[in-house]
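Input: a single structure, listed below in C-alpha cells.
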Number of protein chains: 2
Amino acid sequence: MSRMPRWPADSRARLADAALDLFSQRGYSAVTVDDIADRAGVTARTFFRQFRDKEEVLFAEDDLLLPSLLATIAEPTGPVAAEPLMARALGALAERMQSAHEPLRRRQAIIDSDVALMGRELAKQARWQQAISAALAERGFDPADAGLLAAIGFALFRRELHAWLADPSIDATPLPERIRAALPSVRTVLDAATTH
Amino acid sequence: MSRMPRWPADSRARLADAALDLFSQRGYSAVTVDDIADRAGVTARTFFRQFRDKEEVLFAEDDLLLPSLLATIAEPTGPVAAEPLMARALGALAERMQSAHEPLRRRQAIIDSDVALMGRELAKQARWQQAISAALAERGFDPADAGLLAAIGFALFRRELHAWLADPSIDATPLPERIRAALPSVRTVLDAATTH
DNA sequence: TCCAGTTATGACAGATCCTGACATCAACTC
DNA sequence: GAGTTGATGTCAGGATCTGTCATAACTGGA
C-alpha cells in the first residue's frame, strides 16, 4: 500500500495556482516561468509540458466550458427562434460561471492589464464563436445569420460579464439575470439616435 | 547636392515588404527576424527599432486607417440615427481598402494561419472598437448602446471583409457595396428560426 | 520474483525573441 | 570647422520555448 509517488501529484493544478498568485502580486510580465515553476516545486520544463506557453496557464480551464455550451445549443427542442435559444444557451453558461466570481475577477484583472493576453482571450473567444456558429447552422439556421448571431451573442455576453465582474458587492445582480435582461436591447440599438 | 545618406532610405518599408514576402513563402513561424533583416539589408536590431515585435510588422499600417474612421464618425451632420451613421463610416473605411485587395488578401492568409496573429488582430480591432464606441458616445449616443453598436458594426464588417477577400474574381462585388447591402440584416437576424 | 514497458519529471543544450548600452558616421546647424 | 542629431551597427544578456536523453516510480505479465 502507501504508494509514494516520486513526486507530489497535481503539478498542473499547483502550477496554475502559483501562476495566478504571482501574476496578481507582481504583474504578468514581471513573473518568469521559472518563478512559477519554483513556487510549484517543479522545473520550467514541466510547466511547458503542461501548458503550451506562458499565456495558456490563464486560459486552460476555459476549454472545459465550451462542450456544455455546444450541448445546450444542440439540445433538441423542436423549432425555436434565435432569441430564446440564445437566452437559454448564454443563461446556462452564466449559471456555470456564477459561483466563480472571485477567481474570475482576479483572472480578468490580469488579462486586462496586458494587450497580448487580451488578444489571446479574444482569439479563444473567436474560436468559440466559430464553434457556436457551426452548431447554430447544424440546427438549421442560415449560415450567414449564424455567424452574426454568434457575434452579437458574444458581444453582449462580454459586456454583461465585465459589468458583473466589475461589481464588487456580494449580492449584485447575478450574471444569468443580467444576460436575460440585456438580450432585448439588441433589437432597439439600431434605432438609437444622436441629438447632434 | 548629391546627398549620400549613409544607408539606403526606407528601411521600414523594406522590412515590411521583406516580411510579407517571406511569411507568404515559408509561413510565419518558419521565418526568423534575422531572415527578414537580412533580406532588407539591415540588422535585427533595426527591425526591433521599427516594429515593437515580430508580429507588429503585419499590423503597423492599420494605425493609419483609424483616425479617418473616427473623423467620419465625428463629422457634424446634425441629428442622425445609428444605422445610417454606421453605413457612412463603414462604407468610407471600405472605400479606402478597396484598392488593396491583393496585399490585404496575402496578409489575411498569413494571419489566419497562426493563432497568435489572430489574437493580435482581434486585440487591435478591440481597441478600434473601443475608440469607435467612445466617438459614438461623444456624438450623443447612450454609452451602453455605443458599445454594442460598435461590436455589431465590427462583426458585420469582418464578415463582409472576409467574404470579399475570399472572392478571387477581379470584378467581385466591391467591398463598400457589400457592407451597405449587409447592414439591414442585423435587424432580422434575431427573428431567424430553426425548423428542428 | 523479476523484467520490460509506461509515464512524469529533471537536466541540459540551443534556437529564437527582445532589450539595454554604447559606438559609429553621414548629415545638418551654427 | 566644431558640435549636434539621428539612424544604424555591435555586443551582452535575459526570457521564452523545444529537442533529447536520463532517471525513477509505477504497471503488467512471464
Residue list, salt bridge (Lys or Arg N to Asp or Glu O under 4.0 Å) with B:Asp167, at least two apart or on another chain =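 Counting only residues at least two positions away or on another chain, B:Asp167 forms a salt bridge (Lys or Arg N to Asp or Glu O under 4.0 Å) with B:Arg178.
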inquiry  = Going by side chain to side chain contact (heavy atoms under 4.5 Å, CB included), name the residues that satisfy it together with A:Pro143, two or more places apart in sequence or in a different chain.
reply    =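 With neighbours one apart ignored, the set is empty.
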Distance, rounded to the nearest Å, where [X] contributes [atom1] and [N] contributes [atom2]:
X: B:Phe47; N: D:dG9; atom1: CZ; atom2: C1'; result: 17 Å
X: B:Phe48; N: D:dG14; atom1: CZ; atom2: P; result: 18 Å
X: B:Asp53; N: C:dT19; atom1: CG; atom2: C1'; result: 13 Å
X: B:Arg12; N: D:dA7; atom1: CZ; atom2: P; result: 12 Å
X: B:Leu15; N: C:dC18; atom1: CG; atom2: P; result: 14 Å
X: A:Phe51; N: D:dT18; atom1: CZ; atom2: C1'; result: 18 Å
X: B:Lys54; N: D:dT16; atom1: NZ; atom2: P; result: 17 Å
X: A:Glu56; N: D:dT16; atom1: CD; atom2: P; result: 16 Å

inquiry  = Could you check whether any side-chain N or O of A:Lys54 sits under 3.5 Å from a backbone N or O of A:Tyr28, counting only pairs where one atom can act as donor and the other as acceptor?
reply    =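 Yes; at least one donor-acceptor contact below 3.5 Å.
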ask   = Between D:dC11, D:dT18, C:dC18, which one does the side chain of A:Arg45 approach most closely?
value =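 So the side chain of A:Arg45 is nearest to D:dT18.
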Counting only side-chain N and O atoms of [X], is one of them less than 4.0 Å from OP1 or OP2 of [N]?
X: B:Ser11; N: D:dA7; answer: no
X: B:Thr46; N: D:dA7; answer: no
X: B:Gln50; N: D:dA7; answer: no
X: A:Thr43; N: C:dT9; answer: no

request  = Only pairs at least two apart or in different chains count here, so list each side chain to side chain donor-acceptor pair (under 3.5 Å) that has a residue in residues 64-73 of chain B.
outcome  =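 For residues 64-73 of chain B: B:Ser68-B:Arg96.
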key: B:Thr173: side chain to side chain donor-acceptor pair (under 3.5 Å) partners, not counting sequence neighbours   =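 If we apply the side chain to side chain donor-acceptor pair (under 3.5 Å) test to B:Thr173, skipping adjacent residues, there are no hits.
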ask   = Counting any heavy atom closer than 4.0 Å, what does A:Glu55 reach on the DNA or RNA strands: base, sugar-phosphate only, or nothing?
value =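 No contact.
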ask   = Which residue pairs pass the ring pair (Phe, Tyr, Trp, His ring centres under 6.0 Å) test with at least one member in residues 46-68 of chain A, sequence neighbours excluded?
value =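 Pairs touching residues 46-68 of chain A that pass the test: A:Phe47-A:Phe51.
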query = Between A:Asp145, A:Leu85, A:Asp142, which is the residue that forms a side-chain contact (heavy atoms from CB on, under 4.5 Å) with A:Leu136?
reply =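 Option passing the side-chain contact (heavy atoms from CB on, under 4.5 Å) with A:Leu136: A:Leu85.
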request  = List in numerical order all residues of residues 24-38 of chain A for which some heavy atom is under 4.0 Å away from an atom belonging to DNA chain D.
outcome  =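 Going residue by residue through residues 24-38 of chain A, the ones with a heavy atom under 4.0 Å of DNA chain D turn out to be A:Val31, A:Thr32, A:Val33.
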ask   = Of A:Arg49 and B:Ala44, whose nearest nucleotide on DNA chain D comes first from the 5' end?
value =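 Looking at DNA chain D, the more 5' nearest nucleotide goes with B:Ala44.
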